[in-house]
Amino acid sequence: MIPQFYTSRPEWPERIEALVEQVGRVGAFEERSGQALELRRANRVGSVHSSTAIEGNRLSLAQVEAVADGLPVRAAPREVLEVENALAAYEALADLDPWNVADLLRAHRLLTVGLQPEAGEFRTVEVEIVNAEGGVIHTGSRAEKVPRLMAELLEWGGSSGDHPVVVSSAVHFLIEHIHPFRDGNGRVGRLWQTLILSHWRPLFAWMPTETLIRRNQAAYYLALQASREPEIDAAHFIDFMLRVIAESLAEYEAQLRAPIAGEPA
């Protein structure tokens with residue numbers, strides 16, 4: 001059983017209510033927009049570019065778009081494969097169950113196939129997360145505990161009575177904290193939050209959430225670390241993600257409101 005790992009903050013209900021209003025407004029704009037499909041695709045490419053760039057991938061946004069179009073790009077084959085894999089994983093979102101361990105492993109396999117020997121498998125070794133200076137800032141859960149912890153996490157998420165924006169952020173944090181895979185944990189965590197949110201409201205499948213995380217990358221890592229020290233309380237990370245989600249909704253609304261190129265404003 002997953003113990004309580006975050007302390008709800010009194011301002012969250014009001015912020016969540018504002019988010020729900022934003023979602024309704026953005027959904028209404030999207031239904032009337034003549035460029036929704038184009039924006040969805042652009043944001044999906046942006047999400048893939050941002051999520052892989054956070055992990056050090058050097059392909060530009062234009063190169064990621066070219067990969068999405070099936071065009072050749074001049075770049076390191078491994079980095080191209082990382083992008084191809086991420087595109088495949090995001091395309092599979094509609095077929096994934098956020099509370100199914102087998103689907104979590106399937107998503108990891110899609111993200112890392114050809115990049116690591118344990119693609120689609122929980123790690124069998126111990127891991128440490130180090131900073132730029134080589135100092136250990138976090139040690140993942142013991143390898144033998146990972147399958148049980150991940151099963152308990154997804155069971156908790158599927159039965160939690162908290163709002164999906166809170167649950168998705170909490171699951172994202174605990175995936176990073178448990179660190180269930182040898183590699184690809186950040187990409188899986190961000191993908192899984194998007195998946196959970198998209199089951200709540202489908203428009204989150206193509207929201208620019210990952211793009212906003214990359215813009216606030218330093219704050220993203222600080223929020224993760226603050227949620228571990230001096231003891232685990234994911235409220236710091238949840239608070240950060242509530243802000244990111246609100247900003248991504250505002251950005252998508254602005255995109256939908258913008259006139260189509262060549263048309264009068």
Side-chain angles (χ1 to χ4, degrees), residues 35-96 104-121 123 127 129-134 172 175-176 179-195 198 204-221 224 244 247-248 251-252 254-256 258 260-262:
Q35 54 182 339
L37 291 177
E38 179 182 343
L39 287 175
R40 289 179 186 181
R41 183 185 182 282
N43 282 334
R44 172 63 56 76
V45 168
S47 291
V48 168
H49 172 250
S50 295
S51 195
T52 53
I54 289 170
E55 305 303 325
N57 190 289
R58 294 170 295 180
L59 266 66
S60 67
L61 179 60
Q63 287 177 309
V64 172
E65 187 169 11
V67 173
D69 289 336
L71 301 174
V73 298
R74 296 184 64 182
R78 181 180 179 86
E79 295 192 329
V80 173
L81 182 57
E82 286 177 352
V83 167
E84 290 174 338
N85 287 356
L87 286 164
Y90 277 82
E91 284 300 314
L93 276 176
D95 299 323
L96 296 173
L104 180 78
L105 294 173
R106 176 188 169 203
H108 182 260
R109 183 170 60 253
L110 287 170
L111 283 165
T112 62
V113 65
L115 298 171
Q116 67 170 79
E118 294 181 342
E121 300 175 10
R123 59 179 166 84
V127 295
I129 303 169
V130 299
N131 58 23
E133 290 74 39
H172 182 170
I175 287 174
E176 307 311 325
H179 228 65
F181 304 106
R182 186 189 290 260
D183 188 32
N185 296 281
R187 282 165 282 168
V188 169
R190 291 185 289 275
L191 177 75
W192 223 247
Q193 175 153 23
T194 293
L195 175 63
S198 70
F204 278 99
W206 43 84
M207 289 282 294
T209 307
E210 291 88 340
T211 301
L212 270 295
I213 290 175
R214 187 189 176 213
R215 287 184 198 164
N216 296 276
Q217 188 170 337
Y220 172 66
Y221 287 127
L224 284 170
V244 166
E247 289 177 1
S248 66
E251 178 154 321
Y252 192 41
Q255 291 172 340
L256 290 164
I260 301 173

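Basis for what follows: all heavy atoms, side chains included, without hydrogens, waters or symmetry-related copies.
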In residues 105-113, what donor-acceptor pairs under 3.5 Å come from side-chain atoms, sequence neighbours left out?
from: His108; atom 1: ND1; to: Gly120; atom 2: N; distance (Å): 3.0
from: His108; atom 1: NE2; to: Asp183; atom 2: O; distance (Å): 2.8
from: Thr112; atom 1: OG1; to: His108; atom 2: O; distance (Å): 2.7

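- To the nearest 0.5 angstrom, Arg215 atom CZ is 8.5 Å from Glu247 atom CD.
- Sorted by first and then second residue, the salt bridge (charged side-chain N to carboxylate O under 4.0 Å, His left out) pairs with a member in residues 57-68 read Arg41-Glu65, Arg58-Glu79; sequence neighbours excluded.
- Shown here for Val45 and Ala68, the closest heavy-atom pair between the two residues is CG2-CB, 4.1 Å.
- Considering all non-hydrogen atoms of both residues, Leu61 and Gly46 come closest at CD1-CA, 4.0 Å.
- Remark: Asn85 engages no residue in a side-chain hydrogen bond (donor to acceptor under 3.5 Å, both in side chains) (not counting sequence neighbours).
- Taking all atoms of both residues into account, the shortest heavy-atom contact from Ala36 to Tyr252 is O-OH, 4.3 Å.
- A heavy-atom distance below 4.5 Å is not found between the side chains of Asn43 and Thr211.
- Residues passing the side-chain contact (heavy atoms from CB on, under 4.5 Å) test with Glu91, sequence neighbours excluded: Arg44.
- Remark: Glu84 engages no residue in a side-chain hydrogen bond (donor to acceptor under 3.5 Å, both in side chains) (not counting sequence neighbours).
- For His179, the side-chain hydrogen bond (donor to acceptor under 3.5 Å, both in side chains) partners two or more places apart in sequence, or in a different chain, are Asn185.
- Every residue two or more places apart in sequence or in another chain that forms a side-chain contact (heavy atoms from CB on, under 4.5 Å) with Gln63 is listed here: Leu59, Ser60, Val73, Ala75.
- Once rounded to the nearest 0.5 Å, the distance linking CG of Leu96 with CH2 of Trp192 reads 5.0 Å.
- Rounding to the nearest 0.5 angstrom, the gap separating the OH atom in Tyr220 from the CZ atom in Arg214 is 13.5 Å.
- Taking the side-chain hydrogen bond (donor to acceptor under 3.5 Å, both in side chains) definition, one finds that Arg182 meets it with Glu118, sequence neighbours left out.
- Atom NE2 of His172 and atom CD1 of Ile213 lie 5.5 Å apart (nearest 0.5 Å).
- For Glu121, there are no salt bridge (charged side-chain N to carboxylate O under 4.0 Å, His left out) partners, not counting sequence neighbours.
- With sequence neighbours excluded, the residues satisfying side-chain contact (heavy atoms from CB on, under 4.5 Å) with Leu37 are Arg40.
- Judged as a side-chain contact (heavy atoms from CB on, under 4.5 Å), and not counting sequence neighbours, the contacts of Ser47 are Tyr90, Glu210.
- Distance check: Ile175 CD1 to Arg190 CZ gives 11.0 Å after rounding to the nearest 0.5 Å.
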